[in-house]
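Letters A, B, ... mirror the listed sequences (proteins, then strands); counts begin at 1.
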Amino acid sequence: MADQPTSLERFVQGILPENPVFRQLLGLCPTLAVTNNMKSAITMTGAVLFVLFCANVITSLIRNLLKPHLRIVIFTLTIATFVTIADRFLAAYLYQMSKTLGPYIPLIIVNCIIICRCEVCASKQGVITAGADAIGQSIGFGIALSAIAAVREILGTGMFFEIRVLPAAWPDWVVMVLPPGAFLTFGLLIGLVNWYEGFRAQKAGKIEG
Amino acid sequence: MLNYLVDIFLIAVSAALINNFVLHYFVGICPFVGVSRRIEMAFGMGCAVTFVISIAAFISWAITTFILVPGAPLSQWIAGFFVPAETAAKVDLTILSYIVYILAISSSVQFVEMYVRKFYPPLYKSFGVYLPLITTNCAILFACLTIMANIVGVDDPADAWDLGRSLVLAIFGGVGFTIAIVIMAGIREELDLCDVPKPFQGAAITLIVAGILALGFMGFTGVDSGLRKALTPTVEKQAAVENLPVGKMVKTASGYRLIG
């Protein structure tokens, strides 16, 4: 498979060039819902990493048995199985966190990132590439979530990982930890990423020209 | 009876406006950003979601009540053939819920699509594009999970949601989604004429507008508890609805006051 990207390329692409959240706009629902503090963002990333890795590896192992018209159903069932495992694990060992995340853990099943990776990468390439792709994409997802969560938690409560970083006199922007803050922060960050990309492209164009 | 009607009414208002699926729970963001370019398209998508969400809610309510919860009649009956009756009464299949729901949703979407295509071709023409997309819409699964949480998660089996409450939640959740996406499409049609800075064109400005919209919808916060107070005038009734212990009434200078 000379035309398919290698493991390393898949891994690197997931982190920034094809970042699932900022570049592909996938998986917006958890991105907005669990980013009001860093802890839940990190837990969510862990859950997505586990589910995506397992689903990618399994899909890659059975890729030659898949029938084209049934593949989406198979992907969804594989994902649902691993989401159940992740959900029970969180409920057993991190009960408080599982309460906070609530329905957003089961909603990983319909997270487009995972179905998209199964479809684009795992159903075409080998196990190692699929695993590397899963890890790369999860790191990219984690970076995006942490970026939003950091802005929201610091501005909203003056704390970072529940440690105070801004002086106590800081007037908490409560709206940042409420739903509107998620939309505003995410919109502004997408704008920032786009601006940076445009800026870089312009600079590269100038050097070449 | 009155309490039941009040409950239904509050679930409806809460699902449609106060805890709007899109602007409060962030479910169904993908179509909200993707299909909100024209008002007609947005309205079609909203109707399709409302339609599917009601069917999915009906199916998931039935599955949860009759098969999944501990001591559900159907699973108890089947297990009764293999194990003694007291073991069969404890059969708890809630761990399978996610897999069962996602199967139920995707197959019901499939069936609805086939049925509509066969019997209502004009409707199929207007829904057609959106129906398959809806399978992976989080709003549907979210409604199913909320219904499950209100059947499995309650302490007293008498508080478990019946079919009426589940359907009202689903239908008005869909209505709330339609309201949000149609407002958004209206704003975006105007935005096409505006001079938006280049990096913000597309998704970025949509999300910022959605943030401002969510700020507006925050104005509804607390309407439900206010309505509940207005609709259930006596303290005992209100306490019964909210499952609060009835506080003591004490006489003060300005009349009776509730303590506790």
Side-chain angles (χ1 to χ4, degrees), chain A residues 22-35 72-73 75-88 91 102-112 114-116 174-176 178-199, chain B residues 19-34 94-103 105-107 110 132 134-146 148-149 196-218 221:
Chain A
F22 286 131
R23 310 297 305 164
Q24 304 178 49
L25 293 181
L26 294 175
L28 298 186
C29 155
T31 309
L32 295 167
V34 302
T35 48
I72 299 287
V73 178
F75 294 163
T76 326
L77 286 184
T78 319
I79 297 166
T81 313
F82 287 112
V83 168
T84 309
I85 296 172
D87 182 59
R88 294 293 92 196
Y104 296 105
I105 291 288
L107 283 177
I108 296 177
I109 301 173
V110 283
N111 191 327
C112 345
I114 299 174
I115 297 185
C116 169
V174 182
V175 74
M176 293 307 277
L178 293 175
F183 286 112
L184 294 176
T185 315
F186 187 38
L188 290 174
L189 279 177
I190 290 183
L192 196 68
V193 170
N194 285 348
W195 172 80
Y196 179 69
E197 287 293 317
F199 177 72
Chain B
N19 298 330
N20 189 292
F21 274 24
V22 179
L23 299 172
H24 188 267
Y25 287 122
F26 310 107
V27 290
I29 294 283
C30 302
F32 183 68
V33 175
T94 39
I95 195 162
L96 291 178
S97 49
Y98 305 154
I99 299 177
V100 173
Y101 288 157
I102 200 73
L103 255 187
I105 293 171
S106 42
S107 46
Q110 240 0 278
I134 292 172
T135 317
T136 52
N137 184 335
C138 357
I140 316 278
L141 186 62
F142 182 78
C144 295
L145 290 168
T146 314
M148 181 188 108
V196 179
K198 198 152 177 279
F200 283 92
Q201 278 166 11
I205 192 71
T206 313
L207 284 161
I208 292 171
V209 170
I212 297 167
L213 210 56
L215 263 180
F217 270 71
M218 262 175 70
T221 313

Taking side chain as everything from C-beta outward and backbone as N, CA, C, O, which of these in Val193(A) sits under 4.5 Å from a heavy atom of chain B? Side chain, backbone, both or neither. neither
Need one label for Leu25(A): side chain, backbone, both or neither, based on atoms under 4.5 Å from any heavy atom in chain B. side chain
Which bit of [X] comes within less than 4.5 Å of chain A, counting heavy atoms only: side chain, backbone, both or neither?
X: Ile208(B); answer: both
X: Leu213(B); answer: neither
X: Phe217(B); answer: neither

Which one, [options], leads in non-hydrogen pairs under 4.5 Å with chain B?
options: Ile109(A), Leu192(A), Thr76(A); value: Ile109(A)
options: Gly191(A), Gly198(A), Pro103(A), Pro30(A); value: Gly191(A)
options: Leu188(A), Ile79(A), Thr185(A), Leu26(A); value: Leu188(A)
options: Ala182(A), Gly102(A), Gly181(A), Pro179(A); value: Pro179(A)

Hey, could you give me the [atom1]/[atom2] distance between [X] and [Y], rounded to the nearest 0.5 Å?
X: Leu23(B); Y: Leu32(A); atom1: CG; atom2: CG; answer: 11.0 Å
X: Tyr104(A); Y: Leu145(B); atom1: OH; atom2: CG; answer: 11.0 Å
X: Leu28(A); Y: Phe32(B); atom1: CG; atom2: CZ; answer: 11.5 Å

Minimal non-hydrogen separation, [X] against [Y], with atom names:
X: Ile95(B); Y: Thr84(A); value: O-CG2, 3.3 Å
X: Val22(B); Y: Phe183(A); value: O-CZ, 3.8 Å
X: Pro199(B); Y: Trp195(A); value: CB-N, 3.6 Å
X: Ala80(A); Y: Ile99(B); value: CB-CG1, 3.8 Å
X: Cys138(B); Y: Leu107(A); value: O-CD2, 3.7 Å
X: Phe26(B); Y: Cys29(A); value: O-CB, 3.4 Å

Please assess Leu215(B) against Leu178(A) for the test side chain to side chain contact (heavy atoms under 4.5 Å, CB included), listing each intermediate value before the final yes or no. CA-CA 9 Å; Leu215(B) 263 180; Leu178(A) 293 175; over 6 Å; no
Who wins among Val209(B), Ile205(B), Val33(B), Leu141(B) for the most heavy-atom pairs under 4.5 Å with chain A? Leu141(B)
In the structure I gave you, are the side-chain heavy atoms of Ile105(A) and Tyr98(B) within less than 4.5 Å of one another anywhere? no
